[in-house]
Each structure stands twice: as C-alpha cells, then as structure tokens.
Number of protein chains: 2
Amino acid sequence: MGTRERKQREFEARETLFMDTARRLIREEGLLTLQMARLARECDYATGTLYQHFSSKEDLLVALATRRIEEHSDEFCRAAAWQASTRERMFALTVVDHDFGQRHPGYMRLLQYVFTEVVWASASPGRRTALQKALEQPAGAVRAIVEQALADGDLKSHGFNPQALMLGPWGLCAGIQSMQQTRGMLDHLGIDAADELLHFHSQALLNGLGWQPLIDLNDRATLSAWVERVRREALA
Amino acid sequence: MGTRERKQREFEARETLFMDTARRLIREEGLLTLQMARLARECDYATGTLYQHFSSKEDLLVALATRRIEEHSDEFCRAAAWQASTRERMFALTVVDHDFGQRHPGYMRLLQYVFTEVVWASASPGRRTALQKALEQPAGAVRAIVEQALADGDLKSHGFNPQALMLGPWGLCAGIQSMQQTRGMLDHLGIDAADELLHFHSQALLNGLGWQPLIDLNDRATLSAWVERVRREALA
DNA sequence: CGTGTATTTTGAACGAGATTCAAATAATGA
DNA sequence: TCATTATTTGAATCTCGTTCAAAATACACG
C-alpha cells in the first residue's frame, strides 16, 4: 500500500512549505527577526508541527543553508563543466560563486551565520552532515578541475593533493566575500570595487600557483574581458 | 576639581572588570552560554549597571572583539616592523595572524560571530565604529608595507591603490582561518594541515602579484624554513 | 460500520534569559 | 543639615524558543 509513501510525500511537501516561507520571511524582515511561532502561523500550522521537522531554530537555518547550497551547486557545476582550459574554468568558479553571492545577498549572510560556532553547534548532527554532503558536489567539481589540470600538466602538485590545492582559491573567494558582507568594513578601509579585486587576486593566485596558461595582470581591461567572457559563456 | 576625572576612571575600571570577567566566562563556559545577569552577578554589580556600559549583549561582544583586536594589533605591528624585505614582512603577517588565531581559538570564533549580520546590526553604532577604528592600526601597518614595496619597486601597482593590493593576502588569510574554525569542515573535504596550506597559498599569491623577490614553491622544506624564521625573528 | 489503538497536530503553558524602570541609595553642593 | 541630582539596584516585564498533555485524526480489526 502506498499510504506510507503518500505520508512521506506530504511530510516533505510540508517541509518545503516551511522552508520556502522561512526564506520569504527572512527576505522580507531579516534573519534577525525570524520567529518560529510566526513562521508556523504563516504556514497555518501549529508551532509544535514545525518542531517535528526542525529540532531547533538553528536546525532550520542549517537546513535553509543546505538548500541554498544545493541550488547554487547546479549553477556552479555547470560553470565547472564549461568547455575551456582548466585555468579558465577554475577562474570561472570564482566569478560564478561571487556573482551568486551578489545576486543573493541573504544567502551569504545566512551561510556566514550558520558556520558560526554558536549556530553550528546547536544544529542537529543530521542537518550538519546534510550540509556537508551538499558541499560535496561543488567541492568535487573543483577537485575534478584541479585533477585534470594536474593530469594535463597545467599545474604542478607541489607535493599537495588536489583538495589542498583548491583550498587557496576557495579560501580567497570566501574570505573576500565575507569581508564584503560586513557592512561598512571595506568602505572604512578605503577599498571599493571589491568584485574587481577578487577577480584580480584570484588570477594572481592562480598565476602564483603556476597554473598554465599564465595571464598578464598588468592590464585591467584584459581582466574584465575575462570576467565578461565567463559571464557570457560559462553559464550559457 | 578632579572629581569628574576620578568618576571617569572608576567607570572605565568597571568596564574593564566586566570585560575581563566576560572573557573568563566565555573561556570557561563558552560563548553560547554567556548570560548578562550572570556576568553582572559575577562582578558583584546589578544587571542594570552592566547595561550602563553595554546597550545589549551584542554590544558587549563587539566591545570584547575590539579589545582583542587591540591586543592582537601590538603583536601584529611588531611583526610588520621586522627588519627584513617587504616580501618577508608581508608573509610574516600571515604567519603571525594565523598563529595568534591558533593560540586564541575563542578569539577567532568571537570575531566570526561578531561580523555576522545578526550581531553586527544589533550592536550600537559607537561600538561598531570603535571596532573599525581598532582595525585601522593593523590595516595601516599592512598598507605601509605595501607602500614601501611599491616605492622600492618590489611590487607593481597594477593600477590599484595599496589598500586594494592588500585585500588579497588579507582575504586569503581570513577565509582559510574561518574555514578552519568550522568544526569538521576541512576534515570532511579531505584537507589537513591547513596551516601549511595557508602559508603555501599566501606565498603563491605573493608570487602571483609579482612581489619580489619571488620564492621557489616547489620545496616544502624551504617553505617551512621560512615560517620558522618568521616565528623566530619577527616577534623577537 | 463501530470501536479501540496508534499517530499526528495543536496551542497554551513553561522556561530561559535579555532588557527595563521605579524605587532606593549615594554623591554633591548650598 | 538638607534639598537636589546622579547612580545603582534587582524584581518585574517582555520576548521568544521549546515542550507536552489533551484533542483530533488516521488506522486496524472484528
């Protein structure tokens, strides 16, 4: 009998409803003011029902972040599969990742919050591993590029494994994006156009890793042409 | 009459007491469980008195982070003033910053939390600008190195100002450190020895920026010798 | 169908803790 | 000394997140 399956499907549909609504509430009124009771009411369910899905508010936030990562992941992997040199593809990931962050400002803020010890530690282990699992796909895509670059001789391993080699570009991208998140921080340091700077420094790092073909960084016009090309072609 | 000044001094002393105690409580029992009433009681003051100093819990956290930055700043600036090439000094900052983070794990977690939209937005504007002001000293130290490197011809500007050029190394360091903070994240990605990787990628980035003298990255022993030298000399 | 049992949903009650504020206390100055 | 002003106090308030006993619903079996 399909009763169990139907139940299962309904349960999942409800979870989706909760998450969609939570996302809307956060967009409309901010992460700060999200209330569990309010969310339940908005979905015409009782508070307790919400807690059948999420063991705590933090749990919900981790689930939201996970779903966002999954959505982002599609776009990300599409860019990773772009028909181009490994160097171009690696750079494309930086551009795509950052563009996604700019397009969804709330997403980055949520991720930043979720990875905080305070939140991360109070989410359920299940949700935490689900999030880590969701990261596997994009991480795998990056690693595949690194592996191919190694195989093709575009990149030397320097004695590190592929994951280790991708940490730099990844960390750089994450670091600059999170500084960009903190309102007023970069302004105050006298930095603007962080986007262009992220692209510039990413290319510099790839050059420094000896990732062939090296590109000339002296000309900002060339750099922005690269970025435009990625935006035009990598997501086509 | 010095009455006003004495009052002022006593007020500041009390603030210091609150902050020292808060730090101890956080160290002993975690950021998560810090309670305002508890903190006040621990200092033999009423809750309301605590609120004369800090407009909210978030405000207190930002103040704590600020003080930590100030403390870190000394060490940081000492390393920046190391008698060595601009390239060596720039790299030294990465090492020192990361070492400080490793030595004070709670510090990094606090910073990460404080820069979260949720916390940052609920701190008072005064505390926020105080924190930004505290960042000026280390930021200035980094910028000075970049400026000297430009003047000495160790580094080309590529059309960017000094602050812009320092964003990459800074962002890389911050990004990798914050990934390191998130328990289990790097393990799960199959990455260990993130310290060495931070050093490696930092050097790669500096090479990629064309920061003279370039160093050879093929040999991990050379890299770790650099790190050791920094630890030995830069803070002497 | 009716009826007993298991499952799910409900939302009021509870608890934890941040924040406030009227009253008490202390400092100041005439 | 006493009126006035500033500071301190901590119980009361308020805001949620979370729980759980009761109600509602679904299900199984005679």
Side-chain angles (χ1 to χ4, degrees), chain A residues 1-15 17-19 21-22 25-26 29-64 113-114 116 118-124 126-127, chain B residues 1-15 17-19 21-22 25-26 29-64 113-114 116 118-124 126-127:
Chain A
M1 73 167 57
T3 306
R4 159 155 277 127
E5 290 162 23
R6 179 176 51 76
K7 280 269 183 99
Q8 181 63 19
R9 244 181 305 118
E10 285 173 3
F11 189 84
E12 277 162 20
R14 198 170 62 184
E15 187 150 316
L17 171 65
F18 281 137
M19 291 178 65
T21 309
L25 286 178
I26 289 174
E29 301 168 24
L31 194 52
L32 197 58
T33 50
L34 180 70
Q35 288 170 236
M36 296 301 268
R38 171 86 197 286
L39 170 58
R41 189 152 27 86
E42 198 85 6
C43 298
D44 289 315
Y45 282 101
T47 316
T49 309
L50 182 53
Y51 277 86
Q52 299 222 310
H53 294 262
F54 309 101
S55 69
S56 68
K57 188 177 175 180
E58 285 73 28
D59 211 51
L60 167 65
L61 294 179
V62 171
L64 284 174
Y113 188 50
V114 153
T116 266
V118 173
V119 177
W120 189 247
S122 25
S124 68
R127 294 286 177 190
Chain B
M1 69 169 59
T3 306
R4 157 155 278 128
E5 289 161 24
R6 180 176 51 78
K7 283 268 182 109
Q8 181 63 18
R9 245 181 305 118
E10 284 173 1
F11 189 83
E12 277 163 19
R14 199 170 61 184
E15 187 150 315
L17 171 65
F18 281 138
M19 290 178 65
T21 309
L25 286 178
I26 289 175
E29 301 170 23
L31 193 52
L32 198 58
T33 49
L34 180 70
Q35 285 169 237
M36 295 300 269
R38 171 86 197 286
L39 170 58
R41 189 152 25 86
E42 199 85 6
C43 299
D44 290 315
Y45 283 102
T47 315
T49 309
L50 182 53
Y51 277 87
Q52 298 221 311
H53 293 264
F54 308 102
S55 69
S56 67
K57 190 177 174 178
E58 286 72 29
D59 211 50
L60 167 63
L61 294 180
V62 171
L64 283 175
Y113 188 51
V114 153
T116 267
V118 172
V119 177
W120 189 248
S122 24
S124 68
R127 294 287 177 188

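Naming: A, B, ... by sequence-line order, numbering from 1 per chain.
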Self-check item: Nearest to side-chain heavy atoms of A/K57, which nucleotide of D/dT9, D/dT8, D/dT18
Solution: D/dT18
Quiz item: What is the distance from CZ of B/R38 to C1' of C/dT19, rounded to the nearest Å?
Solution: 19 Å
Self-check item: Atom pair distance, as rounded to whole Å: CG in B/D44 and C1' in D/dT9
Solution: 13 Å
Quiz item: Between B/R14 and B/E10, is there a side-chain N and carboxylate O pair less than 4.0 Å apart?
Solution: no
Quiz item: Of all the nucleotides listed (D/dT7, C/dT19, C/dG11), which has the minimum atom distance to the side chain of A/T47?
Solution: C/dG11
Practice problem: Round to a whole Å and report the spacing from CD of B/Q35 to C1' of C/dG17. | Solution: 6 Å
Quiz prompt | Residue pair A/E58 / A/S122: nearest heavy atoms and the distance that separates them | solution = CG-OG, 3.4 Å
Quiz item: What integer distance in Å separates B/R41:CZ from C/dA16:C1'?
Solution: 13 Å
Exercise. Take the angle between the ring planes of B/Y113 and A/Y113 and call it parallel below 30°, perpendicular above 60°, tilted in between.
Key: parallel
Exercise. Would you indicate which nucleotide in C/dT9, D/dT8, C/dG11 comes nearest to any side-chain atom of B/T49?
Key: D/dT8
Quiz item: Can you check the A/L34 CG to D/dT18 P distance for me, whole Å?
Solution: 11 Å
Practice problem: Of all the heavy-atom pairs spanning A/L64 and A/A22, show the shortest one and how long it is. | Solution: CD1-CB, 4.0 Å
Exercise. Would you mind telling me which of C/dT9, C/dT20, D/dT18 lies closest to the side-chain atoms of A/Y51?
Key: D/dT18
Practice problem: Could you check which of D/dC27, C/dT19, D/dT18 has an atom nearest any side-chain atom of B/S56? | Solution: C/dT19
Exercise. Figure out the CD/C1' separation between B/E29 and C/dG17, and round it to whole Å.
Key: 15 Å
Exercise. Output the single nucleotide from C/dT10, C/dA18, D/dG10 whose closest atom is nearest the side chain of B/M36.
Key: C/dA18
Quiz item: Of all the choices, D/dT7, C/dG17, D/dT19, which nucleotide is nearest to the side chain of B/K7 once you look at every atom?
Solution: D/dT7
Practice problem: Quickly work out the A/H53 NE2 to D/dT18 P distance and round it to whole Å. | Solution: 16 Å
Exercise. Please state whether the rings of B/F11 and B/H53 are parallel, tilted or perpendicular, taking 30° and 60° as the class boundaries.
Key: parallel
Practice problem: Calculate the interatomic distance between B/L50 atom CG and C/dG17 atom P; express it in whole Å. | Solution: 15 Å
